[in-house]
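Below: the structure, in structure tokens.
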Amino acid sequence: MTTPASSSVSPADLAQHMAVGRSALGDADQASALSDALCLPNLGIVRPRDVRDYSVLLFLDDQGLGLQLTGKGAPGPVRAEFVTGKMGYRREHGGGAGQLVAKAVGLHKTRAHLHVLDATAGLGQDAFVLAGLGCRVTLFERNPVIHALLADGLARAALNVDCAPIIERMTLCQGSSIDWLASADPGAADVIYLDPMFPHRDKSALVKKEMQVFQRVVGDDDDSEALLAAALSAAGYRVVVKRPRKAPAIAGPEPTMRVEGKSSRYDVYALKALPEPR
């Protein structure tokens, strides 16, 4: 799950329906810093189910920072989590360079340590997989709330002995990836990876939970075409775009090839042959 390079949800809109809260075990200083940085109300110690004036909370507890809907029956928090859960399992038991995203980037064809720029980082899951396979990954996330989630997840993972070497290969940046790509020299990154927001049709509880919260905070992606054009001008070897399996390609040149999975696919725009191992 990633977010677009631009968002239709403005900071003023966020302040009307979002606040910062924490449990009794949440870091009070971190909550205060988030409140100040994002210009959001700080509710102090609260229970999300009891909050009525705000529909979304940036919520701190003993497990770190989460983004959570409020009110009775709301799902639990969405976090950037790399140590445990799905990403922890994938790190220990994943398919290596045979994973679809790795194939799309080209890791099954080269042992070179590629520099991948993830222009729509979101919760950083694909970037973490690629960094775990030896890539140096630069992550861009424009939305300040999602950036805060990702920064918290990376910081917690850096404290884990198994994850720390992977996190060292990941550099998180805040701001518009389109602006950066437009001013970058050709070859600024070996591979540029894009995963613009799209309506998920997967029925799993996790996807439902993530999408409920992300749609409130991020809004709609309306700049995929400009993002692809900027990426094609800056990539050294290829651009990879993640799409729903049956969705049309982003407007622009036709992909060179596609790597398809059950629910999604990767459109690959190959610019030149990947480098030889170094």
Side-chain angles (χ1 to χ4, degrees), residues 1-14 101 104-106 114-127 130 135-151 170-201 210-211 214-260 264-272:
M1 165 76 72
T2 59
T3 60
S6 67
S7 167
S8 61
V9 180
S10 70
D13 292 335
L14 286 179
V101 66
V105 168
L114 298 175
H115 174 208
V116 178
L117 189 146
D118 185 343
T120 54
L123 295 180
Q125 295 174 349
D126 286 334
L130 295 173
C135 296
R136 178 168 60 91
V137 185
T138 301
L139 303 88
F140 269 89
E141 178 50 56
R142 176 192 179 276
N143 185 281
V145 173
I146 307 304
H147 182 276
L149 283 181
L150 182 51
M170 301 173 70
T171 302
L172 176 60
C173 303
Q174 185 170 3
S176 169
S177 57
I178 289 183
D179 291 345
W180 189 92
L181 291 168
S183 62
D185 294 329
D190 294 325
V191 177
I192 297 176
Y193 180 73
L194 313 177
D195 182 7
M197 281 278 285
F198 57 82
H200 283 265
R201 301 184 184 279
E210 287 184 349
M211 287 305 297
F214 269 61
Q215 288 297 335
R216 296 281 187 93
V217 174
V218 176
D220 298 323
D221 173 21
D222 57 4
D223 58 1
S224 297
E225 186 175 346
L227 182 57
L228 175 59
L232 289 169
S233 71
Y237 296 98
R238 61 176 59 182
V239 173
V240 176
V241 182
K242 187 175 183 180
R243 299 290 287 164
R245 189 171 64 87
K246 296 183 179 180
I250 294 175
E254 279 295 308
T256 309
M257 63 179 182
R258 292 182 169 90
V259 179
E260 292 198 3
S264 61
R265 72 169 194 273
Y266 298 88
D267 291 346
V268 180
Y269 301 80
L271 303 176
K272 62 180 181 180

Could you pull out the closest heavy-atom pair between [X] and [Y], with the gap in Å?
X	Y	result
Ala119	Ile192	CB-CG2, 4.5 Å
Phe140	Gly175	CD2-O, 3.8 Å
Ala251	Glu225	O-CG, 3.5 Å
Ala249	Tyr269	CB-OH, 4.3 Å
Leu150	Ala121	CD2-CB, 3.9 Å

To the nearest 0.5 Å, tell me how far [X] [atom1] sits from [Y] [atom2].
X	Y	atom1	atom2	answer
Leu130	Leu139	CG	CG	9.5 Å
Gln174	Ile146	CD	CD1	11.5 Å
Leu194	Leu227	CG	CG	4.5 Å
Thr138	Tyr193	OG1	OH	15.5 Å
Ser224	Ile178	OG	CD1	8.5 Å
Cys173	Glu141	SG	CD	11.5 Å

Please check this pair: side chain of Asp190 against backbone of His115, looking for a donor-acceptor N/O pair closer than 3.5 Å.
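At least one qualifying donor-acceptor pair exists.
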State which residue, out of Val268, Leu232, Thr256, fulfils the side chain to side chain contact (heavy atoms under 4.5 Å, CB included) condition with Val239.
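Output: one option passes, namely Leu232.
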From Arg243, Arg258, Arg238, residue fulfilling salt bridge (Lys or Arg N to Asp or Glu O under 4.0 Å) relative to Asp267
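Result for salt bridge (Lys or Arg N to Asp or Glu O under 4.0 Å) with Asp267: Arg258.
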Do Pro196 and Val241 come close enough that some side-chain heavy atom pair is under 4.5 Å?
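The answer is yes; the side chains approach within 4.5 Å.
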